[in-house]
Amino acid sequence: MRRTRILTAVLALAAGLLAGTPPVVAAGNASEVPLAADTYTWKNARIDGGGFVPGIVFNRKEKNLAYARTDIGGAYRWQESSKTWTPLLDSVGWDDWGHTGVVGLASDPVDPDKVYAAVGTYTNSWDPKNGAVMRSSDRGASWQKTVLPFKLGGNMPGRGMGERLAVDPNRNSVLYLGAPSGKGLWRSTDSGVSWSQVTAFPNPGTYQQDPGDTSGYASDNQGVVWVTFDESTGTAGTATRSIYVGVADLQNSVYRSTDGGASWSRLAGQPTGYLAHKGVLDAVNGYLYLTYSDKGGPYDGGKGQVWRYATSTGTWTNISPVAEADTSYGFSGLTVDRQKPRTVMATAYSAWWPDTQIFRSTDSGATWTKAWDYTSYPDRANRFTLDVSSSPWLTWSANPSPPEQSPKLGWMTESLEIDPFNSNRMMYGTGATLYGTENLTNWDSGGKFTIKPMVQGLEETAVNDLASPPSGAPLLSALGDVGGFRHTDLTKVPPMMFTQPNFTTTTSLDFAETDPNTVVRVGNLDSGPHVAFSTDNGANWFAGTDPSGVSGGGTVAASSDGSRFVWSPDGTGVRYTTGFGTSWSASSGIPAGAIVESDRVDTKTFYGFKSGKFYVSTDGGATFTASAATGLPSGDSVRFKALPGVKGDVWLAGGAADGAYGLWHSTDSGATWTKLSNVDQADTVGFGKAAPGASYQTLYTSAKIGGVRGIFRSTDKGASWTRINDDAHQWGWTGAAITGDPRVYGRVYVSTNGRGVIYGDTSDTGGGGPTDPTDPPPTGACAVTYKITNQWSGGFQADVQLTNTGSSAWTGWTLAWTFPNAQTVTQTWNAETTQSASTVTAKNVGWNANVAAGSSVSFGFTGTWSGTNGKPTAFRTGDRNCTVS
């Protein structure tokens with residue numbers, strides 16, 4: 001499930017996009033470029049999940065305080081009021097992109113305001129930076145960082161083991177960190193500010209997934225993998241005496257200190273031949289529980305066991321839920337119910353078929369029950385009901401034969417936690433989402449417990465390409481692992497990813513500029529076609545036919561009218577076709593592996609780029625001719641696009657720090673190019689609706705301008721630039737794709753490598769700047785439609801439509817109402833809200849301030865309710881009451 005994350009990073013690094021040395025500023029006056037101020041609102045195009053959640057951490061002192069870590073998409077904090085997750089590492093910038101991978105997370109059990117994250121994505125050369133420990137005293141709202149003298153691997157093999165980072169529950173200034181790559185065990189005694197190696201710790205680990213892997217990825221020593229404290233062996237203010245540590249060593253996997261970390265010894269009598277993925281201690285009954293696998297995970301694992309260690313007697317007991325001979329998987333996920341500590345749960349994390357398995361014991365592991373079991377093979381009886389109506393794509397549009405079911409209970413289930421304050425709530429992570437239940441104890445009474453995605457706000461997809469057609473859906477995306485989506489509403493989860501075929505990763509997509517119903521995508525698939533077409537704007541798809549030799553998606557381009565396509569797949573040379581890819585012919589004059597795009601006006605003109613050369617075809621892709629232009633980037637770290645509506649108008653971004661790097665513009669189909677002197681570096685380029693009064697479309701880029709890395713916008717053909725993001729919204733690496741929206745001025749869609757599709761809306765209405773907050777609210781007539789679109793226990797979602805029924809346009813609006821039953825707004829989109837007691841005031845955001853007479857504006861929100869959720873009966877805008885329907 002996460003393999004494509006590895007490939008994304010490898011390809012990006014191979015292209016020189018993620019240089020490890022400080023970039024060289026391009027010639028010109030870039031450092032003197034003024035950076036205009038602008039205010040943007042940033043959100044995710046909702047997918048809800050999409051990636052591996054290897055760690056969930058509940059604070060054991062404060063109720064409802066929980067965190068989740070992801071392998072490449074940062075860390076999140078749970079918001080109980082809205083049942084959503086808040087991202088915490090969006091401030092990680094371009095140069096430190098690797099610090100979006102989180103390999104360990106710890107919530108301070110003494111001071112709940114403090115939280116720590118061990119960050120770094122790869123331990124090999126793919127990530128040029130060392131790892132770090134980030135510390136926060138405001139629950140992740142802001143961070144300080146200590147860089148370590150070694151790398152960490154949030155996306156490395158073994159990342160589901162843990163937690164590698166732990167806070168002493170008795171003396172919370174003491175933290176321990178288990179390091180990979182043979183770096184051993186590390187300790188901080190000043191709340192994570194400084195770190196030193198615990199030289200007395202005897203074993204830095206020995207296990208490698210594949211010692212022969214020359215990339216350093218699978219051959220890395222997985223190291224020290226978890227730390228847990230026996231809080232009963234200390235008192236408040238003094239360091240805990242007994243500390244247990246897990247090591248990636250098949251023969252010596254568990255060590256203990258009984259003198260506060262001064263000395264260490266291997267636990268006698270422990271199982272061998274396995275790695276201890278987790279070690280969870282029940283101090284009430286004196287048991288250390290351990291889940292074992294013969295492999296490091298998160299994909300592999302063929303055998304496993306579960307053991308219980310009595311801390312007072314040293315007695316080991318094999319409490320495996322099933323006999324080893326009956327397993328084809330390893331165990332990893334492990335939790336103890338702190339309200340009922342004899343209750344233990346574990347997961348079969350590497351059970352791929354027919355499903356993962358979750359085990360539960362209420363007698364300290366003496367006996368177990370399963371989340372599902374066979375009645376008469378292949379029929380199954382489930383103790384759970386799995387409701388994915390909030391994320392329906394989790395079915396993968398599959399209709400498998402028994403005993404497999406759709407949706408699945410999960411896979412890669414290495415994180416599993418029972419809420420320490422609520423025996424009924426349990427969460428667990430999978431390779432695609434985070435599931436949870438709030439009636440878990442139904443398991444014990446013979447009833448069914450309900451599992452639902454508990455993932456809203458946690459967005460963890462790697463984005464390869466983006467498109468915003470001039471009609472139809474506003475957003476089409478090409479994603480790693482989950483393929484891609486057609487968003488008709490950015491605030492709602494699409495019902496399904498692209499299917500028929502369902503690529504594991506979509507690498508490129510395009511639409512016909514003058515016929516946006518025609519869409520093409522290419523991608524990776526273990527077996528099957530690598531190209532697909534749609535004639536209804538991406539709603540439905542059918543497979544094309546691969547030419548011989550194709551091994552991966554590569555890039556693809558559609559002609560402006562959709563009558564022909566050019567494809568540059570992996571494994572073979574560039575090809576072209578008329579119609580929908582039933583047969584392909586070889587293109588001449590262009591090298592294999594070239595990036596291809598189409599002119600957005602001339603239906604027979606296509607473009608290509610490879611190794612510093614720009615190529616042009618004027619016969620529908622049959623033959624290409626190399627441009628004589630020089631000075632373009634010499635490598636292949638390039639993205640380029642042709643401007644809609646203007647023949648031969650092409651923009652090219654890319655390069656590397658050791659050569660040409662920046663943004664180029666051609667108005668003659670690439671025959672000649674002008675490099676923009678006011679852009680230091682650029683990695684993507686895209687177009688959106690022109691600003692009011694402007695004749696040229698708005699440009700967007702992920703770039704370095706004026707010495708500052710960010711997301712930039714130009715409304716004057718690149719003569720001047722506005723940085724539209726800020727230091728709190730950087731999202732690591734944003735170099736894969738960017739596009740504006742052709743229908744909404746100022747809206748931009750930004751790719752990330754693990755935080756999904758980010759979109760921004762501007763407060764700048766174009767030319768005139770943001771709406772003046774002192775402007776009077778509209779006083780014309782109005783009408784309101786208020787709909788509750790979803791409701792659940794304690795929560796609801798509502799959509800509001802406000803119509804200007806007067807005779808003059810509004811240049812800004814507010815809408816006020818009073819809830820009849822003390823409901824509370826928790827999250828709003830397409831408006832800004834304030835609430836005083838039961839009265840709510842909604843105000844426009846910048847891009848929807850102007851409402852023409854007879855036009856409408858819509859916004860929505862989620863809220864909480866108790867007892868009754870009655871609808872407001874009166875709405876006012878300015879000094880007028882609105883008609884309510």
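Quick caveat: nothing in here was measured; it's all calculated off a predicted structure.
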Classify the ring geometry between [X] and [Y] as parallel (under 30°), tilted (30 to 60°) or perpendicular (over 60°).
{"X": "Trp584", "Y": "Phe533", "answer": "parallel"}
{"X": "Trp411", "Y": "Trp396", "answer": "perpendicular"}
{"X": "Trp97", "Y": "Tyr122", "answer": "tilted"}

* With the side chain counted from C-beta on, respond yes when Lys641 and Leu652 share a heavy-atom pair under 4.5 Å apart, and no when they do not. =>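 Of all side-chain heavy-atom pairs linking Leu652 with Lys641, none is under 4.5 Å.
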* **Verdict with supporting geometry, Gln208 and Asp220, side chain to side chain contact (heavy atoms under 4.5 Å, CB included)** => CA-CA 6 Å; Gln208 302 163 277; Asp220 186 50; over 6 Å; no
Answer with yes or no after comparing the ring centroid distance for [X] and [Y] against a 6.0 Å cut-off, counting only values under it.
{"X": "Trp541", "Y": "Phe498", "value": "yes"}
{"X": "Trp651", "Y": "Trp664", "value": "no"}
{"X": "Trp673", "Y": "Phe614", "value": "yes"}
{"X": "Phe580", "Y": "Phe542", "value": "yes"}

* Might you point out which heavy atoms bring Asp510 and Ala557 nearest each other, and give the distance in Å? =>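 Between these two residues, the closest heavy atoms are OD2-CA, 3.4 Å.
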* **salt_bridge(Asp95, Arg709) N-O dist < 4.0 Å** =>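 A salt bridge is absent here (no side-chain N lies under 4.0 Å from a carboxylate O).
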* Pair Asp48 + Arg46: basic N to acidic O under 4.0 Å ->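 Between Arg46 and Asp48 there is a salt bridge, with a charged N closer than 4.0 Å to a carboxylate O.
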Assess, by modelled atom type and distance only, whether the side chains of [X] and [Y] contain a donor and an acceptor separated by less than 3.5 Å.
{"X": "Tyr607", "Y": "Ser669", "value": "yes"}
{"X": "Arg575", "Y": "Thr577", "value": "no"}
{"X": "Ser560", "Y": "Thr514", "value": "no"}
{"X": "Thr603", "Y": "Asp561", "value": "yes"}

* Geometric cation-pi criterion, Arg521 with Phe503: 6.0 Å, 45° ->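 Yes, Arg521 lies over the aromatic ring of Phe503.
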* Asked: Is Gln500 atom CD crowded by more than 12 heavy atoms from other residues, nucleotides or ligands, each under 6.0 Å away?
  ->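 No.
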* Verdict with supporting geometry, Glu513 and Val601, side chain to side chain contact (heavy atoms under 4.5 Å, CB included) -> CA-CA 8 Å; Glu513 189 66 40; Val601 175; over 6 Å; no
